[in-house]
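Below, all heavy atoms of this structure are taken into account, side chains as well, without hydrogens, waters or symmetry copies.
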Amino acid sequence: MYDYLIVGAGLYGAVFAYEAKKREKKCLVIDKRSHIGGNVYCENISGINVHKYGAHIFHTSDKKIWDYVNEFAEFNNYINSPIARYKKELYNLPFNMNTFSKMWGITAPQEAKDIIAGQIKELGIAEPQNLEEQALSLVGRDVYEKLIKGYTEKQWGRDCKELPAFIIKRLPLRFTYDNNYFNDRYQGIPIGGYTKIIEKMLEGTEVRLSVNYLDNRAGYEKLADKIIYTGMIDEYYDYRLGVLEYRSVRFETEELPIDNYQGNAVVNYTERDVPYTRIIEHKHFEFGKQPTTIISREYSSEWKKGDEPYYPVNNEKNNALYEEYKELAAKEDKIIFGGRLGGYKYYDMDKVIGAALKMCERELG
């Protein structure tokens, strides 16, 4: 018997396993994948740590969380400064004075403010009825057409006029020459990749991989007093109330016989006719000098059962359905749902760790 069965060897489950072990609890961690780490898993190929499930840049303003994660790895000083490519034009993200200077040939913040305000006024959108109108009313025509429209339509698989306005609540405009995507105080990439963090967290805890809890839930339930479940909450209940929607991502990864493909870790392709949303060049996360390079093209797609769920579609309908599942979960006395899939919520890594630690306090004392 174990004190806890932890379903999922990702960040949430690994934090719980580590904290439980410190309190002398006996845990078993299982995962249906053949590796630990969940979506932060990195695979070392030709000396390059490849982010197998998309780019992960750690960032937080919470010093306690930053100090906590630094117990398991040393972080480099990587700053996320993505590039947006529209046809043959390259722009800095987030939208800042470098972006506006390139787009309009200007140098002063007031010039950029005047152009954007003029375009917004010209459009005269009082009450945005869809995502397109919402974005236009925030940034004007030029920024929207070149840097938002095509990328967003690829991400969601729908025309921007068909998407609800609430998806874009705000679009940050910076009138400084600042390409740092995040505003957080602490930022970086763990030297040697994220997998090493999970390995240290799970040290001394029994782990079984390539095991699907739902294939033998009755058997696994007998093994432990309590279960920490980080899988999809609707799948756990056999979709009895309905299916929660996600967007999925497909990756095409290849190694190229050159030392540098695009000169930046992240390049977004904002043109609608380019089928992928972005290209990740993994070596740049750790300032690699390897003779070859590895790139991953990302393709956004509609999720269906059997696909890997990435981004929850947190619209009104899905959020209402999740609340119904949450009511079911509240009645459970043996199982605790957590993480991105268990909570049907997009989490940054620091928020996952924070949520896991809060749950540890409630559960473990």
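Applying the salt bridge (charged side-chain N to carboxylate O under 4.0 Å, His left out) test to residues at least two apart or on different chains, the pairs with a partner in residues 232-251 are R217-D238, E245-K317, R247-E302, R250-E252. Identified under the salt bridge (charged side-chain N to carboxylate O under 4.0 Å, His left out) test for residues 10-28, with sequence neighbours left out: E19-K22, E19-R23. Listed by first then second residue, pairs satisfying salt bridge (charged side-chain N to carboxylate O under 4.0 Å, His left out) with a partner in residues 34-53 read E43-K52, not counting sequence neighbours. Listed by first and then second residue, the salt bridge (charged side-chain N to carboxylate O under 4.0 Å, His left out) pairs that reach into residues 163-174 are R174-D178, sequence neighbours excluded.
Looking at residues two or more places apart in sequence or on another chain, you find a side-chain hydrogen bond (donor to acceptor under 3.5 Å, both in side chains) between Y213 and E221. Taking D3 as the reference, nothing meets the side-chain hydrogen bond (donor to acceptor under 3.5 Å, both in side chains) condition, with sequence neighbours excluded. In terms of the side-chain hydrogen bond (donor to acceptor under 3.5 Å, both in side chains) criterion, N76 has no residue partners (sequence neighbours excluded). Residues meeting the side-chain hydrogen bond (donor to acceptor under 3.5 Å, both in side chains) test with D350, sequence neighbours left out: T60. By the side-chain contact (heavy atoms from CB on, under 4.5 Å) test, K88 is found to be paired with R85, residues two or more places apart in sequence or in another chain being considered.
Ring pair Y310/Y346: centre-to-centre distance not below 6.0 Å. The aromatic ring centres of Y269 and Y151 sit 6.0 Å or more apart. Not less than 6.0 angstrom separates the ring centroid of Y194 from the ring centroid of Y41.
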Hey, mind stepping through Y246 and Y344 against ring pair (Phe, Tyr, Trp, His ring centres under 6.0 Å) and telling me if it holds?
CA-CA 9 Å; Y246 291 86; Y344 194 64; 5.2 Å; yes
Step-by-step salt bridge (Lys or Arg N to Asp or Glu O under 4.0 Å) determination, R158 to E153
CA-CA 5 Å; R158 292 166 181 79; E153 290 181 346; over 6 Å; no
Evaluate ring pair (Phe, Tyr, Trp, His ring centres under 6.0 Å) for F58 paired with F75, printing each intermediate quantity in order.
CA-CA 9 Å; F58 197 92; F75 280 71; 5.7 Å; yes
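More than 12 non-hydrogen atoms from other residues, nucleotides or ligands lie less than 6.0 angstrom from CD of E71. Crowding of Y91 atom OH: a count of heavy atoms from other residues, nucleotides or ligands under 6.0 Å exceeding 12. The local environment of CD in E316 is sparse, with at most 12 non-hydrogen atoms from other residues, nucleotides or ligands closer than 6.0 Å. Within a 6.0 Å sphere centred on NZ of K334, other residues, nucleotides and ligands contribute more than 12 heavy atoms.
The shortest non-hydrogen separation linking E255 to S46 is OE2-OG, 2.8 Å. Listed here is the closest heavy atom pair of Y2 and R208: OH-NH2, 3.5 Å. Of all non-hydrogen atoms in I335 and F337, the two that sit nearest each other are CG2-CE1, 3.9 Å. Contact between D184 and S61 at its shortest, heavy atoms only, is OD1-OG, 2.7 Å. When all heavy atoms of V29 and G8 are compared, the closest pair comes out as CG1-O, 4.1 Å. The minimum heavy-atom distance between I120 and L136, with the atom names listed, is CG1-O, 3.7 Å.
When each of Q134, E132, E133 is tested with Y144 by the rule side chain to side chain donor-acceptor pair (under 3.5 Å), just one qualifies, namely E132.
Judged by the 6.0 Å distance and 45° axis criteria, R297 is positioned over the aromatic ring of Y276.
Checking side-chain atoms of N180 against main-chain N and O of F182 turns up a donor-acceptor pair under 3.5 Å.
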Please set out all donor-acceptor pairs under 3.5 angstrom arising from side-chain atoms of residues 351-364, sequence neighbours excluded.
unit_1: E363; atom_1: OE1; unit_2: K226; atom_2: NZ; d: 3.1
unit_1: E363; atom_1: OE2; unit_2: Y4; atom_2: OH; d: 2.7
unit_1: E363; atom_1: OE2; unit_2: K226; atom_2: NZ; d: 3.1

Name every donor-acceptor pair, under 3.5 Å, that has one atom in a side chain of residues 102-110 and the other anywhere in the protein, sequence neighbours excluded.
unit_1: K102; atom_1: NZ; unit_2: L90; atom_2: O; d: 2.8
unit_1: W104; atom_1: NE1; unit_2: D142; atom_2: OD2; d: 2.7
unit_1: Q110; atom_1: NE2; unit_2: D114; atom_2: OD1; d: 2.9

Sequence neighbours excluded and cut-off under 3.5 Å, please list the side-chain donor-acceptor pairs for residues 258-266, or say none.
unit_1: N260; atom_1: OD1; unit_2: G263; atom_2: N; d: 2.9
unit_1: N260; atom_1: OD1; unit_2: H284; atom_2: NE2; d: 3.0
unit_1: Q262; atom_1: NE2; unit_2: N264; atom_2: O; d: 2.9
unit_1: Q262; atom_1: NE2; unit_2: I279; atom_2: O; d: 3.0
unit_1: N264; atom_1: ND2; unit_2: S81; atom_2: O; d: 3.0
unit_1: N264; atom_1: ND2; unit_2: V266; atom_2: O; d: 2.9

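Between the side chains of D67 and N70, no donor-acceptor pair is found at a separation under 3.5 Å. A donor and an acceptor atom, one from each side chain of T277 and Q155, are nowhere located under 3.5 Å apart. S248 and E308 are not linked by any side-chain donor-acceptor pair at a separation below 3.5 angstrom, with hydrogens and angles left out of the test. Under the 3.5 Å distance criterion, with hydrogens and angles disregarded, no donor-acceptor pair is assigned to the side chains of N80 and Q187.
Residues S210 and R33 are not in side-chain contact: their nearest non-hydrogen atoms beyond the backbone lie 4.5 Å or more apart. Side-chain contact between E254 and I295: present, with at least one pair of heavy atoms (C-beta onward) separated by less than 4.5 Å.
Salt bridge present: E298 and R278 bring a charged side-chain N and a carboxylate O closer than 4.0 Å.
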